[in-house]
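Quantities reported herein were computed from a predicted structural model and do not represent experimental measurements.
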Amino acid sequence: MGIIEIADLTKDYSHGRGVFHVSFEVKEGECVGFLGPNGAGKSTTIRHLMGFAKPDSGSAMLFGKEARKERGVLEKVGYIPGEVSLPKNLTGREFLSIQLSLRKRKANTIAELSDLFRIDLDERTRDMSLGTKRKVAILAALLSSPEVYILDEPSSGLDPSMQSLFLDIIQKEKEKGRTMLFSSHVFSEVERVSDRIVVIKDGKIAATIPKEVIARGGQVRYELSFSSLESFHSAQNRKEYCPLFVDEERRLLFYSPENGRIADFLAFVSSLPVDNFHARRETLREIFLSYYQEDKEYTGL
């Protein structure tokens, strides 16, 4: 059972907008990257997880509970929203103090973190730039010492040096065993901190890139073509090696299998009447971009 569990979550805003049958989980101590372009459904999924919206069907659970029904579960969560909105008549320091008191927590690191992020906490939030508001939101999440982080485009609006600092801090939190869902459209930052990456496209899960592939920095992609339609259909129907992509030119595309099964896979390939065989190592970036450059359905890594 995952700390975060999203099961068949659907919210249809019509005209193809929303999320549709989204399912994945984040286990205790795991950091899962939630990757996709703007408008793909990342924030919609997270808003349901935080209890800010009611799904049409399915569920989004934290610690086995729905935050929409049991708000107490959010006391264990450090949340950085995609769009930061702060009370206008408070200083940054006053806002952080209120956040900590609501969670019944004390913090001795406000000064240290504000110095790291170069924030004047005596500035009123109404006068802050968008980047400074983002830093205050980050501090609010970090200072609460949460068990779980839910991060929605957390580095948006930060300059490159602050982005790097933030990712260093998140890496240290991960090493402490924190559970994280890290949503972003920036591939490099998700790759840096994630154990697994869930890719969302047009409101649907397009792929899950496993830990082994991330550790290798990519994987081998095999392209097989067949002169015979009969041979093509025979290979296509071999369920133990389900192809990633099938096209009308009698081509099948496979990614190398997990868990050291490459020898079995190559034996499978050698048994086929293949007209042409090509292998190429793809980087993680290429794997990710392929789900957006080609109109295809994912069937499993």
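Taking CG of Leu100 as the reference point, atom CG of Leu143 lies at 5.5 Å (rounded to 0.5 Å). Rounding to the nearest 0.5 angstrom, the gap separating the CG atom in Leu35 from the OG atom in Ser183 is 8.5 Å. Rounding to the nearest 0.5 Å gives a distance of 6.0 Å between OG of Ser59 and CD of Glu66. A distance of 8.5 Å separates CD in Gln99 from OG in Ser144, rounded to the nearest 0.5 Å. Between Leu62 atom CG and Ile6 atom CD1 the span is 8.5 Å, to the nearest 0.5 Å. Atom NZ of Lys88 is separated from atom CE of Met128 by 14.0 Å, given to the nearest 0.5 angstrom.
Side-chain atoms of Arg134 come within 3.5 Å of backbone atoms of Ser156 as a donor-acceptor pair (strictly under, hydrogens ignored). Checking side-chain atoms of Ser129 against main-chain N and O of Thr132 turns up a donor-acceptor pair under 3.5 Å. No donor-acceptor pair under 3.5 Å is formed between the side chain of Ser155 and the backbone N or O of Leu158.
Salt bridge annotation for Glu175-Lys172: absent, with no cationic side-chain nitrogen under 4.0 angstrom from a carboxylate oxygen. One finds a salt bridge joining Lys174 and Asp195 here, because a Lys/Arg side-chain nitrogen approaches an Asp/Glu carboxylate oxygen to under 4.0 Å. With respect to Arg192 and Glu189, no salt bridge is recorded, no charged nitrogen being found less than 4.0 Å from a carboxylate O.
Other residues, nucleotides and ligands contribute more than 12 heavy atoms inside 6.0 Å of the CD atom of Gln171.
Shown here are the salt bridge (Lys or Arg N to Asp or Glu O under 4.0 Å) partners of Lys11, two or more places apart in sequence or in another chain: Asp56. For Tyr79, there are no side chain to side chain donor-acceptor pair (under 3.5 Å) partners at least two apart in sequence or on another chain. Residues forming a salt bridge (Lys or Arg N to Asp or Glu O under 4.0 Å) with Asp152 (at least two apart in sequence, or on another chain): none.
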### Message
With side chain to side chain donor-acceptor pair (under 3.5 Å) as the criterion, how do Ser164 and Ser161 come out once you've worked through the C-alpha distance, each side chain's angles and the decisive distance to 0.1 Å?
### Response
CA-CA 5 Å; Ser164 180; Ser161 65; over 6 Å; no
Next on the checklist: side chain to side chain contact (heavy atoms under 4.5 Å, CB included), that's the test. Do Val136 and Lys133 meet it? Break it down for me.
Outcome noted: CA-CA 5 Å; Val136 171; Lys133 289 179 180 178; 5.6 Å; no
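The ring-ring contact (aromatic ring centres under 6.0 Å, His included) pairs that include a residue from residues 151-210 are Phe187-Phe288, where partners are two or more places apart or lie in different chains. Identified under the salt bridge (charged side-chain N to carboxylate O under 4.0 Å, His left out) test for residues 29-43, with sequence neighbours left out: Glu30-Arg196, Lys42-Glu153.
At a threshold of 4.5 Å between non-hydrogen side-chain atoms, the residues Thr179 and Val32 do not count as touching.
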Output a table of donor-acceptor pairs, distance under 3.5 Å, between side-chain atoms of residues 115-124 and any protein atom two or more places apart or on a different chain; print 'none' if there are none.
residue, atom, partner, partner atom, Å
Asp120, OD1, Asp122, N, 3.0
Asp122, OD1, Arg93, NE, 3.2
Arg124, NH1, Asn89, O, 2.7

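Taking both residues in full, the closest heavy atoms of His48 and Tyr13 are given as CE1-OH, 4.2 Å, listed atom of the first, atom of the second, then distance.
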